[in-house]
Amino acid sequence: MEYSQKVMEHFAAPHNVGVLENANGIGEIGNAKCGDIMKMYIRVENDVIVDVKFKTYGCASAIATSSIATDMIKGQPLSEALKLTNKAVVEALDGLPAVKIHCSVLAEQAIKAAIADYYRRQGIDPTPIVGKIDDEHYTDEGCHL
Ligand code: FES
């Protein structure tokens, strides 16, 4: 399997890894088949994501996509972070092998789940803002390690 230079860099030295102690939004998304789990922590102030960290028990692509996705949303307003698609993340990584594309969905969905959690903590129903979070999206497709 061919990985781009960027994927290898983010896999070897991922950015924003760990637990954010003062997070006010936490999202967790799992893939039932491969067992990969992504946990995303965000700190939101005045509708801006001022800090973000993630932890994953996942494959190289899941780690690389989370690393670059967290870079892309850090310092962004929630409205911009919600526009981040797995396609944009894959492009930022100069592509992923076709069988690994679904791994990039994990990061996108975990960010959405963390933002939904933030809204819930504010007493705001996240569904109209964040939409449906699809954590079972890949269970049929499975994972290709
Ligand atoms: Fe399961 Fe990548 S997320 S193999």
Side-chain angles (χ1 to χ4, degrees), residues 1-44 48-121 124-145:
M1 207 176 304
E2 279 281 310
Y3 286 113
S4 74
Q5 187 65 33
K6 273 204 183 146
V7 173
M8 294 312 290
E9 280 168 20
H10 279 271
F11 172 55
H15 307 170
N16 310 310
V17 172
V19 175
L20 201 58
E21 298 296 346
N22 63 349
N24 54 5
I26 300 174
E28 188 173 303
I29 294 289
N31 179 315
K33 270 222 171 136
C34 66
D36 288 351
I37 295 172
M38 174 88 55
K39 200 160 181 178
M40 193 67 71
Y41 302 82
I42 54 171
R43 172 81 199 165
V44 181
V48 171
I49 298 177
V50 292
D51 209 355
V52 54
K53 285 205 188 300
F54 78 93
K55 270 176 94 175
T56 186
Y57 298 96
C59 69
S61 300
I63 292 169
T65 49
S66 310
S67 170
I68 203 158
T70 50
D71 278 351
M72 288 163 89
I73 63 162
K74 201 168 181 172
Q76 294 291 320
L78 291 172
S79 55
E80 284 302 312
L82 282 171
K83 285 187 206 148
L84 185 78
T85 60
N86 75 303
K87 194 165 170 272
V89 173
V90 171
E91 272 165 21
L93 283 173
D94 295 333
L96 274 178
V99 294
K100 306 301 291 184
I101 295 290
H102 68 280
C103 309
S104 66
V105 180
L106 214 53
E108 179 205 294
Q109 293 291 303
I111 289 169
K112 291 209 164 93
I115 294 174
D117 182 54
Y118 166 76
Y119 280 123
R120 246 178 255 119
R121 291 181 194 211
I124 300 166
D125 176 11
T127 317
I129 309 165
V130 179
K132 191 175 170 301
I133 296 163
D134 196 1
D135 60 345
E136 283 164 2
H137 182 72
Y138 358 85
T139 48
D140 290 333
E141 202 179 322
C143 266
H144 310 265
L145 286 165

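Basis for what follows: all heavy atoms, side chains included, without hydrogens, waters or symmetry-related copies. Atoms within each ligand, like the ligands themselves, are counted from 1 in listed order. Residue numbers run from 1 in the order of the sequence given.
In Phe11, the CZ atom is not crowded: 12 or fewer heavy atoms of neighbouring residues, nucleotides or ligands sit closer than 6.0 Å. Around the NZ atom of Lys55, the shell of radius 6.0 Å holds no more than 12 heavy atoms that belong to other residues, nucleotides or ligands.
The minimum distance between atom 1 (Fe) of ligand 1 and any N, O or S atom of Asp36 involves atom OD2.
Counting the atoms of ligand 1 from 1 in the order shown, those under 4.0 Å from a heavy atom of Lys100 are 2 (Fe), 4 (S). Per-residue contacts place Cys103 under 4.0 angstrom from the following atoms of ligand 1 (heavy atoms of the residue considered): 2 (Fe), 3 (S), 4 (S).
Comment: Glu9 does not engage Lys6 in a salt bridge, judged by the lack of any side-chain N to carboxylate O separation of less than 4.0 angstrom.
For the 3.5 Å distance criterion, the side chains of Ser4 and Asp94 fail to qualify, holding no donor opposite an acceptor.
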